[in-house]
Undergrad: 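One structure, as structure tokens, below. Some questions next.
Nothing here was measured: the structure is a model prediction, and the numbers come from that model. Atoms considered below: every heavy atom in the structure, side chains included; atoms not considered: hydrogens, waters and symmetry mates. Throughout, protein chains are lettered first and strands after them, A, B, ... in sequence-line order, and every chain is numbered starting at 1.
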Amino acid sequence: MPELPEVETIKRTLEARIKGLSVVSAEIFLPKLIRMPGVEEFKALLTGRKFLSLERRGKYLLLRLSHGLVMVIHLRMTGRLVYLPASADMAPHTHLIINLDDGCQMRYSDIRRFGTVSLVPASELDKLSGLRSLGKEPFDREFTRGYLLKQLHSHRVILKTLLLDQSFIAGLGNIYADEVLFRARIHPQQRSNMLTQRQSARLFHAIREVLTEGIENRGTTLRDYVDGEGMAGNYQNLLKVHNRENQPCSVCSTNIVRLRISGRSTYFCPYCQRM
DNA sequence: AAGCGGTCCTGTGTGC
DNA sequence: TGCACACAGGACCGCT
């Protein structure tokens with residue numbers, strides 16, 4: 001499940017490969033993948049354009065092209081975006097191939113077909129509702145301890161649910177939300193408006209530290225994730241609670257517990273993260 | 001009006 | 001051994 005560290009790693013690895021390359025042609029095998037515009041228009045618009053730079057916003061990848069166009073990709077659960085020689089074996093579930101002018105390809109594959117790709121003028125990025133409603137970036141200067149505390153106290157939602165809300169904060173998913181709460185020593189079912197200033201400060205630092213470590217370790221590969229060069233991440237070896245039900249806590253040896261919170265598995269240490 | 005549950009999807013793991 | 005089915009979850013939509 002690509003979250004902020006995974007998308008950031010894809011951004012960095014892919015940018016090193018495709019920056020400055022132009023699109024020779026595009027092949028689409030799953031029409032519904034292309035959210036905007038239509039499939040034929042997508043191909044026509046894309047052909048001949050040059051990749052200028054890549055950006056990440058939350059879990060969205062933004063590929064800036066010549067003529068003011070932006071390709072916006074969301075990988076959702078199992079999407080992969082990989083740069084490969086045209087001769088490389090075709091992965092199953094490859095839905096989009098972009099032929100590049102160095103003879104290589106950028107391929108999008110997605111087992112569960114949840115991902116989306118759009119191609120819009122930069123001036124129309126606001127038409128993409130998910131992107132438009134994203135909350136602050138965790139590494140933005142405007143994301144401060146004071147801001148977080150104010151936001152927490154303006155909601156009274158269960159904290160885990162709030163951390164997964166992309167309009168609250170951009171980029172956290174199920175894995176990193178669990179790790180952040182463990183680092184901050186806060187129970188995932190704590191109500192956001194009940195957090196103390198001290199807890200909020202711990203949460204603030206935990207968000208930045210966990211995401212930084214995730215990026216430094218090139219993301220988490222539990223199953224499907226690979227970067228723009230097809231390489232798995234390493235952070236799965238450093239997870240403290242996520243996916244570790246009934247294993248001893250690394251701090252206190254209490255067994256990690258799994259709960260269901262708003263339909264998502266949530267892992268935490270009942271001793272370190274008591275209410 | 002915030003918050004919950006259903007939906008989209010397919011591969012994997014479990015139980016009989 | 002083979003089958004059936006629950007489960008995994010990010011974002012979005014509709015309902016309350």
Undergrad: Heavy atoms within less than 4.0 Å of DNA chain B: which residues of residues 220-232 of chain A have one? Give them sorted by number.
TA: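 Contacts with DNA chain B under 4.0 Å: A:R223.
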Undergrad: Check this for me: does the side-chain of A:R112 come within 3.5 Å of the base of B:dG11 through a donor and an acceptor?
TA: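 In this structure, the two groups form no donor-acceptor pair.
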Undergrad: Side-chain N or O of A:S265 less than 4.0 angstrom from OP1 or OP2 on C:dG9?
TA: yes
Undergrad: Does any non-hydrogen side-chain atom of A:E27 lie less than 4.5 Å from one of A:L96?
TA: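 Heavy-atom side-chain distance check fails, nothing below 4.5 Å.
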Undergrad: Please check the phosphate of B:dC9 (OP1 and OP2 only) for any side-chain N or O of A:H93 closer than 4.0 Å.
TA: no
Undergrad: Rounded to whole Å, please give me the gap between CZ in A:R264 and C1' in B:dT7.
TA: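 Result: 12 Å.
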Undergrad: Under 4.0 Å from any atom of DNA chain B, heavy atoms only: list the residues of residues 154-184 of chain A that qualify, in numerical order.
TA: A:R156, A:V157
Undergrad: Using atom CG of A:D110 as one end and atom C1' of C:dA8 as the other, report the distance to the nearest whole Å.
TA: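 From A:D110 CG to C:dA8 C1': 14 Å.
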Undergrad: Side chain of A:K59, backbone of A:L172: donor and acceptor closer than 3.5 Å?
TA: yes
Undergrad: Write down the distance between CD (A:E6) and C1' (C:dG10), rounded to a whole number of angstrom.
TA: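 Result: 13 Å.
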Undergrad: Counting N and O atoms only, with roles assigned by atom type, does the side chain of A:Q190 sit under 3.5 Å from a partner on the main chain of A:I186, one being a donor and the other an acceptor?
TA: no
Undergrad: Just wondering, do A:V24 and A:L100 contact through their side chains at under 4.5 Å, heavy atoms?
TA: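 No. Closest side-chain heavy atoms not under 4.5 Å.
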Undergrad: Taking atom types as modelled, find out whether A:S265 and A:R258 have a side-chain donor-acceptor pair closer than 3.5 angstrom.
TA: yes
Undergrad: Closer than 3.5 angstrom, by distance alone: can the side chain of A:R107 be matched with the main-chain N or O of A:Y83 as a donor-acceptor pair?
TA: no
Undergrad: From the options C:dG10, B:dT10, B:dC8, select the nucleotide whose nearest atom is closest to the side chain of A:K32.
TA: B:dC8
Undergrad: Of A:E179, A:K160, A:E3, which is the lone residue that meets side chain to side chain donor-acceptor pair (under 3.5 Å) with A:N174?
TA: A:K160
Undergrad: Just how far, in rounded Å, is C1' of C:dG10 from CD1 of A:I261?
TA: 17 Å
Undergrad: Under 4.0 Å, counting only non-hydrogen atoms across every strand here, what does A:R191 touch: a base, just sugar-phosphate, or nothing?
TA: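 Result for A:R191 = nothing.
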Undergrad: For A:R113, which contact category applies under a 4.0 Å heavy-atom criterion: base, sugar-phosphate, or nothing?
TA: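 It contacts sugar-phosphate atoms only.
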Undergrad: For A:F114 and A:G263, find the nucleotide of DNA chain B closest to each by heavy atoms; which residue's nucleotide sits nearer the 5' end?
TA: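 Closer to the 5' end of DNA chain B: A:G263.
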Undergrad: Using atom CG of A:L259 as one end and atom C1' of C:dC7 as the other, report the distance to the nearest whole Å.
TA: 17 Å
Undergrad: Take the protein atom CE of A:M77 and the nucleotide atom C1' of B:dG11, then report the distance between them rounded to whole Å.
TA: 12 Å
Undergrad: With respect to A:E55, which candidate in A:R64, A:K11, A:R12, A:K19 satisfies the salt bridge (Lys or Arg N to Asp or Glu O under 4.0 Å) definition?
TA: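 With A:E55 as partner, salt bridge (Lys or Arg N to Asp or Glu O under 4.0 Å) holds for just one option, A:R64.
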Undergrad: Taking for each residue the nucleotide of DNA chain C bearing the nearest heavy atom, is the 5' side occupied by A:H242 or by A:Y60?
TA: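 This one resolves to A:H242.
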Undergrad: OP1 or OP2 of B:dT10 sitting under 4.0 Å from any side-chain N/O of A:R76?
TA: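 It does not, given that no N or O in the side chain of A:R76 lies less than 4.0 Å from OP1 or OP2 of B:dT10.
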Undergrad: To the nearest Å, give me how far apart CG (A:L61) and C1' (C:dA11) are.
TA: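 One finds 17 Å between C1' of C:dA11 and CG of A:L61, rounded.
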Undergrad: For A:Y235 and A:Y176, take the angle between the two ring planes, folded into 0 to 90°, and tell me which bin it lands in: parallel under 30, tilted 30 to 60, perpendicular over 60.
TA: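 Geometry flag for A:Y176 against A:Y235: parallel rings.
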Undergrad: Check the pair A:D126 / A:R132 against side-chain contact (heavy atoms from CB on, under 4.5 Å), numbers first and verdict last.
TA: CA-CA 5 Å; A:D126 267 5; A:R132 183 180 60 231; 4.0 Å; yes
Undergrad: At 4.0 Å (heavy atoms only), tell me whether A:T116 reaches a base, stays on the sugar-phosphate, or touches nothing.
TA: nothing
Undergrad: What is the distance, rounded to the nearest whole Å, between atom CG of A:N243 and atom P of B:dG13?
TA: 12 Å
